[in-house]
Amino acid sequence: MTGAQIRWSILNLVVVVYALVPVLWLLSLSLKDPSTFTDGKFIPREWTFDNYKNIFDVGEFTRPLINSIGIAIIATLIAIVLGVFAAYAIARLDFPGKNVMLGASLLIAMFPQVSLVTPLFEIERRLGLFNTWAGLIFPYVTFALPLTIYILASFFKEIPWELEKAAKMDGASPFQAFRKVIVPLAAPGVVTAAILAFIQCWNDFLFAISLTSTDRARTAPAAISFFTGASQFEDPTGSIAAAAVVITIPIVLFVLFFQRRIVSGLTSGAVKG
Amino acid sequence: MAEIVLDKVTKRFRDGTEAVQEIDLTIADKEFLILVGPSGCGKSTTLNMIAGLEDISDGELRIDGDRVNERSPQDRNIAMVFQSYALYPHMTVRENMEFPLTIAKLDKATIKQKIDEAAEILELGPYLDRKPSDLSGGQRQRVAMGRAIVRKPKAFLMDEPLSNLDAKLRAQMRTSISRLQKSLGTTTVYVTHDQTEAMTLGDRIVVMRAGIVQQIGTPQDLYERPANLFVAGFIGSPTMNFLPGELVNSSIATAIGEIPISDRLRSGLSEHGPTGRDVIVGIRPEAFEDSRFVDDQTAFTFPHDIDIVESLGSAKLAYLDVDIDARAHEHFAEIAQESGAEDVFGSQQIVAQLDARSPVREGDSMEISFRPDDIQLFDPTDGTNLTEHD
Amino acid sequence: MSARPISDGKAAERRLGWWLCAPAALVMLIVAGWPILYSVLLSFQRFDLRFPDDKAWIGFDNYQAVLSSEYWWNAFGVTTFIMIVSVAIELVLGMILAIIMHRTLVGRGLVRTVVLIPYGIVTVVAAYGWRYAWTPGTGWLANLLDESTAPLTERPSAIAIIILAEVWKTTPFMALLLLAGLTVVPEELLRAASIDGASKWQSFVRITLPLIRPAILVALLFRMLDAFRIYDNIYVLTNGGQDTSSVSILTYHNLIGGLNLGIGSTMSVLIFLTVALIAFIFIKVLGTSTPGSDK
Ligand SMILES: Nc1ncnc2c1ncn2[C@@H]1O[C@H](COP(=O)(O)OP(=O)(O)O)[C@@H](O)[C@H]1O
Ligand SMILES: [Mg+2]
């Protein structure tokens with residue numbers, strides 16, 4: 001290794017430590033035996049999976065986890081379908097109102113969610129949507145849409161649409177041209193948008209605690225904040241740490257498998273313009 | 001193998017643009033036909049109508065006698081090579097070439113044999129498993145060709161297939177396309193805006209301007225007998241020189257002297273008759289020669305100062321500043337503008353291509369000759385050639 | 001026959017464009033547009049869910065009440081402070097991180113991957129991590145301190161920890177936006193600068209920074225608007241204790257805790273106006289290009 005490589009390796013190490021230490025700390029906490037919580041050690045003295053067993057046995061976490069997964073997946077799917085339509089129009093068609101659409105999306109992306117909590121709370125209570133999956137899915141779709149539209153539109157702009165013609169000249173029917181040529185080219189963009197939309201829905205906390213009141217629709221991040229421990233007298237630290245680790249797993253998987261796509265997706269909308 | 005007939009084919013876009021107006025054209029079986037013209041003149045639109053990628057607004061398109069206006073591209077059995085090559089980026093070279101065959105549901109063995117054959121012809125063997133992004137421009141171009149030839153279509157359509165290559169590669173590919181077309185004997189319609197490509201490749205050339213066919217003919221026809229000012233200016237490199245002139249008895253008064261009217265010109269003129277006494281005189285740079293190398297008694301000779309000399313090695317180009325304003329002629333200016341070659345058409349310079357041995361130097365005054373029979377006369381009001389007609 | 005063909009093709013394209021955008025536009029309009037309007041209306045009313053009968057239009061009284069409230073200005077100050085300090089730190093750290101990701105000779109993929117973990121992790125989860133780390137007895141960080149100190153129970157240290165949590169989570173996002181800017185700076189320019197005798201630092205300041213100014217502005221805009229609505233971290237770390245409420249926390253408490261829809265809505269509108277002002281300054285005054293705009 002050259003000197004430069006060593007210097008870069010050290011810098012990289014600093015970055016890795018920066019990114020991972022807080023996560024490893026939670027992992028360590030979740031594996032600690034409750035009796036050793038207060039030792040303040042970074043590495044557990046005794047390893048146990050009891051905390052994990054607890055949160056699933058007691059059931060105070062299972063239902064919210066299902067809510068989280070269900071709501072995030074449904075919201076992501078809806079946002080992607082609506083986003084694909086809108087992004088296709090924005091990328092390929094010329095119509096008045098296009099910039100209004102983009103402007104409105106941007107406005108919503110930057111909008112302070114808390115400003116919506118009051119009216120949504122009131123409106124959902126009246127419509128009977130309060131504390132239901134639908135009551136969370138609507139705002140999640142809304143806040144995932146701007147991101148989805150931006151990412152998909154910038155992907156769609158890059159697709160060489162001439163290939164559609166080429167496929168027709170190669171004897172393909174319009175449907176074959178779409179399925180064999182356009183879909184494979186658009187798929188990476190759609191996957192990217194879906195991952196980022198999912199992460200955003202998965203991450204939400206404010207709507208989750210404001211628009212739910214019981215485990216019927218409460219999502220995992222919100223449920224964690226209501227943890228009281230397996231019994232009333234027990235310290236919820238272990239449960240919280242274990243639950244925290246569980247809901248971090250999908251994120252880690254996404255990051256490991258889709259690193260490139262996430263990076264390109266996050267930067268595509270913002271900088272190309 | 002096919003004969004393609006365009007019968008008063010017109011394309012009107014929804015916004016009202018008439019991109020192609022009543023084009024009449026018969027492309028013979030096995031013919032290599034070139035569509036040439038400045039950018040935006042309707043070449044691609046014409047090609048796309050033959051392909052079925054654009055609807056035909058009016059007129060009829062027949063392939064081997066059958067009306068095909070209403071047939072979709074996949075039912076016309078025609079292959080196309082695009083300017084950008086339009087290779088499918090998610091497929092390997094092999095998959096790209098296989099695509100039309102798998103769509104046609106050929107069996108595996110046949111497909112493999114056809115791909116190997118095409119790869120052999122185009123020397124793509126070593127690259128079959130690469131993605132298009134890992135190929136050079138020339139290789140990509142060959143893959144695009146490969147995808148077109150594998151399924152033995154009735155005709156090839158090529159839309160500026162070489163314009164993304166550098167000059168040297170373009171010249172190479174030109175010859176190999178020509179050879180390929182001859183050996184396959186497939187009817188080919190080839191679009192280009194490059195007149196050199198048109199002249200070297202085609203059996204026949206169609207010159208278009210603003211959606212209207214200007215002339216159809218062999219390269220030699222277009223060069224020697226351009227139907228109008230536009231074709232004259234478009235075909236040939238360096239561009240033909242144009243001088244305003246006036247018919248005076250048996251000669252033409254111009255800025256470089258009184259050019260005698262040859263017998264050929266006279267007979268043409270008597271048939272057509274100029275609408276006025278004004279004409280535009282067209283002289284190709286190649287028609288000029290250093291007088292020292294000319295012993296033809298009929299040659300017209302004039303003295304002139306030489307402003308710039310460029311040596312091409314095989315010849316010398318002499319630039320003469322002439323006191324003319326060709327733009328004074330309305331039509332002339334219009335053509336100059338539309339063809340996007342204002343500086344050439346409206347130029348006040350004459351370009352003369354001289355023998356390489358000519359000792360001419362910048363600033364010299366010298367005598368230059370040309371044969372009066374080598375000039376063309378055009379009507380300044382509508383640009384038609386006054387001395388050539390069918 | 002070509003009386004109106006001009007509108008024909010365009011009209012078809014327009015219609016298709018509108019139809020395709022309609023579903024998304026409708027959802028955004030119903031779920032965001034209508035509530036925004038509704039909260040503006042509520043902000044002019046006395047509306048406390050505990051006294052539902054005592055509902056009335058009261059003009060700007062709510063605004064007066066909020067704007068003369070010490071709690072509001074305290075929260076506003078805290079929010080602004082957190083926003084400015086954390087975004088400033090993020091800009092510096094993010095730039096360093098971006099340069100590492102851009103230039104590193106080894107393990108580029110590794111760095112780009114791990115950096116996404118803070119970005120992707122659920123904010124609340126990370127916040128619990130920080131909370132326990134700074135809880136005396138439990139936390140490995142608290143243990144490094146003097147035994148008697150409980151940093152989350154004192155205002156300055158609590159705010160510092162909130163900023164730490166915020167910076168840790170969002171620096172990667174900032175870095176990625178800056179990285180996108182860095183990758184479009186032509187390598188040749190930097191070579192030219194070094195041939196012209198510029199040091200690395202000089203060419204960074206004189207060439208790179210001006211060229212990535214648009215990326216920096218976009219990143220700053222995004223992050224400032226995001227930081228101004230800070231909620232999750234504070235909720236977990238202090239829940240507004242020790243005067244560490246942000247405007248979002250305060251609004252939430254008025255709504256869910258106090259059930260005072262009038263006051264809550266007024267605060268919502270004020271937050272919205274502040275955010276709009278920040279965006280306006282960035283876009284109109286600093287000339288930040290908004291993503292997706294056709295230029
Ligand atoms: N979809 C379209 N709608 C309206 N006008 C078009 C469309 N496509 C091409 N045109 C116009 O038709 C004319 C011919 O275009 P084209 O055939 O592409 O030219 P070329 O290939 O010769 O450069 C141009 O003036 C162009 O602007
Ligand atoms: Mg064209």
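Numbered from 1 within each chain, the chains take letters A, B, ... in sequence-line order.
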Winner by heavy-atom pair count (cut-off under 4.5 Å) against chain A, out of B:His90, B:Met91, B:Arg76, B:Met80: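 Top count of heavy-atom pairs under 4.5 Å with chain A: B:His90.
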Looking only at B:Ser72, B:Pro89, B:Ala79, the option with the highest number of non-hydrogen pairs under 4.5 Å against chain A is B:Pro89
At a 4.5 Å cut-off on heavy atoms, which part of [X] comes close to chain A: side chain, backbone, both, or neither?
| X | answer |
| --- | --- |
| B:Arg151 | side chain |
| B:Ala51 | both |
| B:Leu53 | side chain |
| B:Leu87 | backbone |
| B:Asn48 | side chain |

Could you tell me which residues satisfy ring pair (Phe, Tyr, Trp, His ring centres under 6.0 Å) with B:Tyr88, sequence neighbours excluded, listed by chain and number?
->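 With sequence neighbours excluded, B:Tyr88 shows a ring pair (Phe, Tyr, Trp, His ring centres under 6.0 Å) to B:Phe99, given in chain and number order.
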Give a yes or no on this: more than 12 heavy atoms of other residues, nucleotides or ligands lie within 6.0 Å of atom [atom1] of [X].
| X | atom1 | result |
| --- | --- | --- |
| B:Glu70 | CD | yes |
| B:Glu60 | CD | yes |
| B:Lys112 | NZ | no |
| B:Asn69 | CG | yes |
| A:Arg260 | CZ | no |
| A:Tyr18 | OH | yes |
| A:Phe56 | CZ | yes |
| A:Tyr140 | OH | yes |

_Contact residues of residues 163-172 of chain A (partner chain B; heavy-atom separation under 4.5 angstrom)_ =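 Heavy-atom contacts from residues 163-172 of chain A to chain B are A:Leu163, A:Lys165, A:Ala166, A:Ala167, A:Lys168, A:Met169, A:Asp170, A:Gly171, A:Ala172.
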Which residues in residues 182-201 of chain A have any heavy atom lying under 4.5 Å from a heavy atom of chain B?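 Residues in range: A:Pro184, A:Leu185.
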Taken in chain and number order and not counting sequence neighbours, the residues that satisfy side-chain contact (heavy atoms from CB on, under 4.5 Å) with A:Val16 are A:Leu20, C:Leu110, C:Val114
For the atom pair CD1 (B:Ile103) and NZ (A:Lys180), what is the distance rounded to the nearest 0.5 Å?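 Reported to 0.5 Å precision, the distance equals 4.5 Å.
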